[in-house]
Amino acid sequence: MRSLARSIWIVLVGGSIGFTSCIDPFDAETGEFVSAIVIDATITNENEHQTVYLSRTYKFEEEGPEAVSGAQVTIVENGTNTIIFTEMEDGEYRSQQPFAAQPGSSYVLNVQTAEGNFYESQSASLPDAVALESVYADRITSDLGKDGIAIFVDSFDASGNSPNFRYEFQETYKIIAPQWNAFDLLSTGIECGVDIIPKTVQNQICFASNVSNDIILANTASLDENRVQRFMVRFMDRSNYIISHRYSIEVTQYTQSDEAAAYFSALDQFSSTESIFSESQPGFLVGNVFSREDTDEKVLGYFDVSAVDRQRIFFNYSDFFEGEDLPPYVNPCRTIAPMLISQGGARCILSALVDAGQVSYFDVNADPPFEEGPYLVVPRECGDCTVLGSNETPDFWSE
Amino acid sequence: MKKSLQFIMLLVGMQLGMAQDAIPRISVSFTNVEVLEALNTIEEKTNYRFYYLEEWLEDVRVTGSYENMQVSLILDDLFKDTVLNFYIDANNNIFLLQNNQIYDALPDDFFGEEEQLADDGPSYEDLEDLGPLFVTDEDSGVSRGMPVVKIGKENRNNRQRTFTLSGKVTNLRNGQPIPDLAILVEGQDIGTSTNSNGNYSLQLPVGENIIRTQGLGIQDSRTKIILYNNGTYNFDLSESVQALDEVVVQGNLDRNVETALTGVTLIEVEKIKNIPLVLGERDILKAAVTLPGITTAGEGSAGYNVRGGRTDQNLILLDNGVIYNPSHFFGIFSAINPFSTGTAEIYKGNIPAEFGGRLSSVFDITTKDGNTQKFSGEASIGPVTSNIVLETPIVKDKSALLVGGRATYSDWILRTLDDEQLNNSTASFFDVVAKYNHTIDDKNEIKATGYFSRDKFSITSDSIFDYSNRLVSLKWDHKFSEKTTGSVILSNSEYKFGIEFDGESNDDFDLGYKNNETEVKLKMKYLHSDKHKFDFGLSSKLYVVNPGDIVPLGAESDVTSLVIPEERGLESAIFASDSYEVNDKLLIDVGLRYSFYAALGASSQRIYQDNAPRNSGTLVETQDFDKNEVIETYGGPEARISARYFLAPDFSVKASLNNAYQYIHTLSSNTTVSPTDTWKLSDLNIEPQEAYQASLGFYKNFEGNKYELSLEGYYKQQKNLLDYKVGAQLLLNEAIETEVIQGDGKAYGIEFLMKKNEGKLNGWIGYTYSRSFVKLDSPFGEERVNNGEFFPSNFDKPHDISMVANYKFTRRFSASANFVYQTGRPVTFPIGSFSFNNSEFVFYSDRNKFRIPDYYRLDLSFNMEGNHKIKKFAHSFWSFSIYNVLGRNNPYSVFFVTEDGDIKAFQSSIFAIPVPTITYNFKF
């Protein structure tokens, strides 16, 4: 139904903006800013160190959230067993012992901040686990008419008890620097000189990873059976360089309670562009964590207990685009030959670019014309993939 | 006042002062004898001499028996049922008088303070400020050739300054009553019109009044009526050789003060033609917004909020049929053709018992009856739309057809805009209306109306959005007797919208929504007596709603077909009301309506756990109902009580109490009306909305209704208002009840309106202070908004000032101005952002905690009428107007989007620059 909402938005809002109105950006005032605590906690049925993140809301003009440090975080299992969390990094609290949420048990999150404010979640329990049946990639034409690769999920729960699914993914892809050369340039520091030296680190093949930052939800409540079929969690345009060589994605399926699904769904709805444009009524979204002293205090976020399952797949570009051109590289790799010293001799050019790490060596510029320098260089990422990722092969990687 | 006061009866020569003691006492007895004979008897027994004209005494008979009584008292009694008065002078002469009273004393201040002429005068009542009635000859010449009629007998003890003149108007040629004849009082703004039996009744100030009659096919008449008391005067009028071109009936001039209803507004189309226009469209509903108590959420917003009520609580009737979406183009134009419209009556306070089903107001819009005399028409040409209305007799004097049509040619504007996206856009709308009226005979009349409006726009080349209203209504008026009339009304209306999306990819779809209602209504009017007037009847309405369906468009589409099952409901009501005139001052209108609703199958109703929030997790079972099986019933009595009390003839106080039920609700997750809002019927899970309103008002007219002043206050409570959870998905949702919440509302306000009805400068100023709140409380967090406390509704705009002023330079040239100021409407504004689940989100405050900046706007227009030659083919009217002269950028909405990880704030506005328009209208 996502695409329907988007289409209706185009049909309606495009119209109203177009003919009748004008839209001006303005500087939102954060004068009325309210600092509130944000609880980001999902514990799962995997036996591991579970993590709870605590932060505070922040103003629009600020870079990111301020971590809540020095809090005491515990989870109480079945009202008796207290699981203690310790702060690993600012705002990141990890359970001292690995544990897994058990079916039939109830969990309550307790947080006491350094200032002494006490927060408590409603009791949550683990929904029935549903296995992730398969994750697969397919070449499709998207809703917007774009050719590309989609990652689909199939999932089936015979019991029919858990119709709410949330997906996260982590994708990892191989990057091969297209204009790689075994040599590098090094600034000599004397009269704008540069030397050619052999590379000492591998920077031709790298691996980069992204994590999903959308709320991806699927719901089978309105279907005859509890089956997620060909549900798309990710679409990559065929011009996206990340699928150029070999690509891997691990999709994690969280089976959620109805309440948690409702929270995530509402949060998704009024945070996505289309609904804000069509003046959907936003409001304060009540989660399941509350202040113990002040019931009116706004507490954001959610304490979710969900069952997880995950699956990783790999594919190569050639699996889907046999014999077709690779997607364009992340940035165009045009070779240039900057002069060593600017005309008039006021400043260095090439050595300055080298020092700033903006270029990679490509070749010797044989017989340069007057306005060119002696070496051909390319933008750094074209000859050095470490700009985009890590040169170490991840443990899970298989060719 | 002219200086030349002239006494009807000269007092000169009459001696003041009289020896009361000298009046002799006699005993006489008369049984149905001629006055003449009685006077002779008295003359015989006393030394009084009577002076009179014999013609006054013809056919006057008297009866009475008196023992040892003063002659003056005997005469008082004898003449009590006649128009005769008398005066006894010091010489025992008795002068008989017709109508007049002779005052033997001048008013105290007649010659200033110096003399006290009547000090030792007769023991008649002090004259106080109710001095004798002098008839002024204001303008010699005016009254020449005009019949002068004296009505009633002057009574010394009568301190009333207004009396009722009533009577019948008949055609001199055939004696038939003349209905719909305008009866006006010159220079006084009093007027009425005759009813279907030719009867009229007027409240007139005591003394001289010049009564003018005007009517189609009837010779104008002017009659000087000198009114001494309540009385009757019948007009016998001759037919005119040439029919009048235009008649202005001003029968309702003092209705402001007189009716018992509170919160009623009458909009006359002719009166609004000078209000500055946006894009050249004269607009009844836009004119309504300039009056207190009726607002819209913003310029581009369809729907009206009446006294803190929601936009779905207005019953908008065109000739008794419901129009669900009375707007074109997102609310910029109203879908009611102004030229075909006669009047629009808006009830925002006490709604008459015959109407129901909506909580806040009734917009009762009536299409003009076609002209049964001759072919005529009216048209306008504006920059965006053109409009034409034609009227033609079908059977002369009996039936006529009116046809109106309006269409836009806005496409050219879109094409000339320097924007690639808009160049490919099209937007069009039109509406047509047709009305046929047929007078079968004296007793039967039928009226039929058909209406259709459609909007269609396509902003991107691959989508089309359209919506339409269609209605037909049929009304048969029948007169059972002089006192009893009845009407049978049959109406059907349909509203639907559709979206066709035909893009490049595989998700093409065709989405549709439709609702349809059919009503049968019988209403009867029984004029029991002057004191009691009864209205009663019953109505029944069947709703059929198709809440939405989506089908794939084309073979390539992967869209899954989905049809949300049809909903049906039957709303019936029985109503009765009595307009009871307790006395001259107190009028009570007591109405009672019993409304009853049944949600009908076929349907599948979902049943949820008690004491749990409704969601898929708390679903217990689904219960199936067969076609026409009753799913659930709701209903209850609705009181419609109002009263008016005259504190003075032109000053009244009114109060009213009423309540109502509403069984159909709009579903909208937007802050303002959106074209994709759908209507939902009450069912097992959604209860009807209810409202209770009390209002109190004071109404005062000055200078013979030249100025009207009113102050009205109201308090309203509402129950089961349909709201929705944050982020609800309402379109194509089968389990709507899991997305909505029902809550309480309260609203209160004070409305002040000052109107100047005539003169070179006329117009009105309105100020409203009003508040409107909603409370959405529940034991469950997901069904609670703003901690379950009252919060301002989306259209809570406490201060609202509207001013409309027209200035007439000459008969042909006028200018008008329209100024509006409103507090900015509440919006939900983010108060920060937060990070959750690897994403950034905007942190919203409580709902509607902030307000967008205040709204104000000034519009000006300059109007030029063609000359008023009666013989001219067409009467033209030019209007040049500028909307938003100040170029105020009034924000309409504020919203936040995340672009490249940054949250950006935008505000949108509509008509942020002055919009000039020129429109040409003509009438023939």
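Naming: A, B, ... by sequence-line order, numbering from 1 per chain.
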### Query
So Phe834(B) and Phe843(B), would you call those rings parallel, tilted or perpendicular, with 30° and 60° as cut-offs?
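Plane angle over 60°, so perpendicular.
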### Query
What residue, out of Asn288(A), Val286(A), Thr57(A), has the most heavy-atom pairs lying under 4.5 Å from chain B?
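Option with the top pair count is Thr57(A).
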### Query
Of the backbone (N, CA, C, O) and the side chain (C-beta and beyond), which part of Glu168(A) lies under 4.5 Å from a heavy atom of chain B, both, or neither?
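Only the side chain of Glu168(A) comes within 4.5 Å of chain B.
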### Message
Test of understanding: with salt bridge (Lys or Arg N to Asp or Glu O under 4.0 Å), list the residues that count as partners of Glu783(B), not counting sequence neighbours.
### Response
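Testing Glu783(B) for salt bridge (Lys or Arg N to Asp or Glu O under 4.0 Å), a comparison that skips the adjacent residues, returns none.
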### Query
Checking heavy atoms, do the side chain of Asn787(B), its backbone, both or neither come under 4.5 Å from chain A?
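When you check distances to chain A, only side chain atoms of Asn787(B) fall under 4.5 Å.
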### Message
Between Tyr263(A) and chain B, with a heavy-atom cut-off of 4.5 Å, which part of the residue counts as in contact: side chain, backbone, both or neither?
### Response
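The answer is the side chain of Tyr263(A).
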### Message
For Tyr167(A) together with Phe231(A), are the ring centres under 6.0 Å from each other?
### Response
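Yes, close enough.
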### Task
Report, as yes or no, whether the 6.0 Å neighbourhood of atom CD on Glu66(A) holds more than 12 heavy atoms from other residues, nucleotides or ligands.
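Result for CD/Glu66(A): open.
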### Task
Hey, can you tell me if Phe264(A) and Phe836(B) have their rings parallel, tilted or perpendicular (30° and 60° cut-offs)?
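It falls in the tilted class, 30° to 60°.
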### Query
Side chain, backbone, both or neither: which part of Asp258(A) has an atom under 4.5 Å from a heavy atom of chain B?
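Side chain only.
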### Side chain / backbone / both / neither for Ser257(A) at chain B, heavy atoms under 4.5 Å
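Contact with chain B involves no heavy atom of Ser257(A) at all.
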